[in-house]
Each structure stands twice: as C-alpha cells, then as structure tokens.
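Worksheet: one structure, shown below.
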Amino acid sequence: MLINFRFDNYRSFYEEANLSMQTTVDSTLSEINTFTVNEKVMGKGDNELLKSAVIFGGNASGKSNIMKAFAYMVNVVRLSSAQIPVIAGNEPFAFRADANKSPTLFEVEFIQNEIYYKYGFELLGGAVYHEWLYKREERLTKVFERTYDKLEIMGLSNQVIGLIKVPPATLFVSIGNNFNLSVNKYLQDVILWFSSVLIVFENMANSLDIYTMENGKYKEQALDILQRADIGISDFEVIKDKIATVETQNDILNINTQMQINPALMTGQIKTENENVYHIDVKTDFDIFNKNNEVVGKKPVMLFKENGFNSEGTMRLFCYLGWILAALDQGRTIFIDEIDAKLHFLVADYIIGLFNSIEHNPKNAQLICTAHNVMLMDEGLRRDQIYFTSKDQYGRSSLVSLSDFNGVRKNDLFSKRYLAGFYASLPDLKGKE
C-alpha cells in the first residue's frame, strides 16, 4: 500500500510535489475512507492511511503529469536492467534552461509484506545520480545507498561490495537479486510492490482481456455495474481473434501490412501471447423488445469495430472497469487518469465510492485518480483526500492538498470555493473587464 509519493524536476513540475496517503487530524468518514496498519510498521499515531485521493485542476495544470511521473518511476524500476534506454527518456522540467543540469527525483514510501519501505532515486544526464532504500520493521534501517558508482549495502564489507558492478544507467534495485546478497528479500519486496501497482490510462493494453481472467469473475461484476448505470447492455463477451504468429522479422512486417489492408484490426486492442498475436474486441448485447415490451431477441454490437453505436463513455468504462475490480479484489493500489472523462457524474462517484467502502473494499485497495467534475469533491471525500494542481506564469505546476488550507470546515461546499479561486488558480476566460 502507498504511503507517500514525491518527485521534482519532471515535466511541468520543477519544485517538489508530494502526494500523501497519510491521514491528517481530520476524523471525517474515518470509519469508511481510511484504514490502519500495524503501529510497528509506521509508528504510533502515523499508521492511518487513505483509501483514495482525487486530484482536481484545470487543463494543462499538471494532473496527468503526476500520473506520468509515477508511471515513469515504475518503468525505470522494471526496465532499467533490460537493454532499453529508459533512463535516457527522463524529461526534466521543460521551461527552465538549466533544469537538465539538476537531478530529477522520485521517491515512494510503501508497505509490502508488513515492512515499511522508503525507496527513491535521482537521475541526471542519462544516469543514476543517487539511489537509496530504507526499511523499518521496528526501527528505520538503511538497506543500501548508491551515489554514482559508490555503493553501501547493509551488512556487507567494502571488499565484497567492490565485486558488484552496476551500470550507470541501471538501478541497483533492478539487478541486486542477481547477486547472492543478504538484502535480497528487501530488494524483492520493492520489485514486487512496483509490479503490483496498476496504472490506467485510456485504452490501456490488456484492459479487455482481464474480463476473461478469474473464471470470468470480473466480467460478472462489471456487467452488474454496467446494468446499474443503465447503459442498456444486457451481456457482453470478449472476442479474441488470432491474427498472426510472430517468429521472424518478416512476420512483424506482415502484421503491419495486414493492419494497413484491414483497418478493422487497428480498432480494439492487440495482445501477444507467446508467439501468437490476437485482436481483442468486445461483443455487447442489447435486448430487443416487441410491442408489449417483452424481450424477444438480442442485438449484438462490437464495441470497437462498430464504433459509434456505444458511447465513448461506455467504451472508456469497459477499458478500465476490469482493472478497478481487480484492484479491489486483490487489495492493490491503482492510478487512473481522468476517472470522470466522458462518464456521468454518478458513475464516477460510484467508482470512487467502491474504494471508500468497507463492503466493496475489504482488502484496503487504494485509488489515486485525476478528475475535472468538481461535484465529486462534495460527495463523500475528506479534506485530505482532495488535491489541487495549478500552473504559474513560468510553466511550473504545483500540487496542494485541501487539508493544507486554513479555515476550511468539513461541512463547506468545497466545489463552490474551488470555483471561486480559493484553493487553486483557475483560467480567467472572461478576461479583464
């Protein structure tokens, strides 16, 4: 579970931004919107965490860049040991001439296997400038720290550490398990946690195929929500069509040719399983009625191939609802960009409410999302669950929590004060009178 995520000098954020899932002194809705963890893990008085956080802000204010910052950190952890120049793809703050001369920072605090971890790194010039890992079971202990090519590892002598060579553009945490080290358990926990976090952007790969997993459990749950939303779909089925077997470079060229000849293959999603490539779409069924309003048949409609029949909101909901249900089922942390895009307010509010629930979220899954609909901030959210992004005249984004403001009462209409400009800068579309 996530405790804190902070970063700086990345995309539109030049100064440090901190997204915290730790509660404040606010006791509002604590019985359903928060949960506690072992005091030995986090310390007495600091062991209450939030189940969700929603980030509001104007267009281009930096909301999506928070999601992208975390996604980039995950990619660096998972891919820096491969032959992929992921660290070279770092994007320091774009609107300051010397930003690329300062490190880009990423750090997370989380709990994995009942152990508190603080892990982070700084990137500079396409290489790892600094990297560290701390853990706490009863007291805070440094597991390792690396500065350029200097490495310290808990319990190991400099002579042994000298035998470990870490490439400049590779994280130690990504390759540490290749060595027989006493700290491997902690390194594995870090990798496992990053692998468990879900990051959902629109039309995310494999977001349809998830409905075929767990014996169709997520499909049945999704269908129940779709019917509650009164979308009109009575049933749906994921359709997977094998389009190619990839064994050589020529096979890849043949797939590209097929997609150019048959544009229908470019709708829906493409997935590879071993050497096979599949095209994935969803067959949605609608009831057909007679003059007595009795169901007499079904109208099948392909979700992507027959684009335009189902609304864009329905298509988007299909693409991330399965991941939402999986996160709730498995107690995972999930990031979703623009959770309310193209959706009715009540649908977005219902999804957030699934996480802020005892019944639907018994494993304390966490949701971090961005949204535009300000009505969401007045529906079942605490002040420390609401964040705002703003961008100043120099292109610098900032992130603040509603709980950081003085004089905000729990019964205030947060949306009204937000639209009045109390919490964040908003576009001045009227201009000067």
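- Not one N or O on the side chain of Arg6 forms a donor-acceptor pair closer than 3.5 Å with the backbone of Glu107.
- Partner of Phe13 under the ring-ring contact (aromatic ring centres under 6.0 Å, His included) criterion, out of Phe7, Phe95, Phe93, Phe70: Phe7 alone.
- With ring centers used as reference points, Tyr218 lies 6.0 Å or more from Tyr211.
- In terms of modelled atom types and a separation under 3.5 Å, the side chain of Thr23 and the main chain of Leu50 share no donor-acceptor contact.
- When atom types are taken as modelled, the side chain of Asn47 and the backbone of Asn38 share no donor-acceptor pair closer than 3.5 angstrom.
- Checking side-chain atoms of Thr370 against main-chain N and O of Glu338 turns up a donor-acceptor pair under 3.5 Å.
- No side-chain donor-acceptor contact under 3.5 Å links Asp340 to the backbone of Ala371.
- Using the six-membered ring where Trp is involved, Phe56 and Tyr418 have ring planes that are tilted, between 30° and 60° apart.
- Judged by the 6.0 Å and 45° rule, Arg136 forms a cation-pi pair with Tyr116.
- Between Arg383 and Asp26 there is a salt bridge, since at least one side-chain N of the basic residue sits less than 4.0 Å from a carboxylate O of the acidic one.
- Relative orientation of the Phe172 and Phe144 rings is perpendicular, given thresholds of 30° and 60° on the angle between their planes.
- Lys135 places no side-chain N or O within 3.5 Å of a backbone atom of Val143 that could act as its donor or acceptor partner.
- Remark: side-chain polar atoms of Tyr72 are paired, donor with acceptor, to backbone N or O of Val86 under 3.5 angstrom.
- Judged by distance alone, the side chains of Ser81 and Ser174 never bring a donor and an acceptor atom under 3.5 Å apart.
- Cation-pi geometry between Lys51 and Phe35 is not met: the NZ or CZ atom fails to fall both under 6.0 Å from the ring centre and inside 45° of the normal.
- Ionic pairing of Arg96 and Asp98 is present here: one or more N-O contacts between side-chain nitrogen and carboxylate oxygen are shorter than 4.0 angstrom.
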Show your reasoning for whether side-chain hydrogen bond (donor to acceptor under 3.5 Å, both in side chains) applies to Asn113 and Asp189. CA-CA 7 Å; Asn113 289 330; Asp189 274 354; 2.7 Å; yes

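- Relative orientation of the Phe121 and Phe106 rings is tilted, given thresholds of 30° and 60° on the angle between their planes.
- A pairwise comparison of heavy atoms in Met377 and Ile386 identifies O-CD1, 3.5 Å as the closest pair.
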Residue pair Tyr134, Tyr117: steps toward the ring pair (Phe, Tyr, Trp, His ring centres under 6.0 Å) verdict: CA-CA 6 Å; Tyr134 289 81; Tyr117 290 101; over 10 Å; no

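- Without hydrogens or angle criteria, Lys363 side chain to Leu328 main chain gives no donor-acceptor distance under 3.5 Å.
- Between Pro167 and Ile175, the closest heavy-atom pair is CD-CD1, 4.1 Å.
- Side-chain contact of Ser30 with Ser27: a donor-acceptor pair under 3.5 Å is absent, judged by distance alone.
- Panel note: side chain Thr170, backbone Val166; no donor-acceptor pair is recorded below 3.5 Å.
- For Asp384 (side chain) and Thr24 (main-chain N/O), a donor-acceptor pair under 3.5 Å exists by modelled atom type.
- Ile339 pairs with exactly one of Asp349, Val54, Asn373, Ile351 by the side-chain contact (heavy atoms from CB on, under 4.5 Å) rule, that one being Ile351.
- Screening Asn361, Leu354, Asn356, Ile334 for a side-chain contact (heavy atoms from CB on, under 4.5 Å) involving Ser52 leaves a single residue, Asn356.
- Residues forming a side-chain contact (heavy atoms from CB on, under 4.5 Å) with Ala229 (at least two apart in sequence, or on another chain): Ile231, Val347.
- A donor-acceptor contact under 3.5 angstrom links the side chains of Thr104 and Asn90, judged on distance only.
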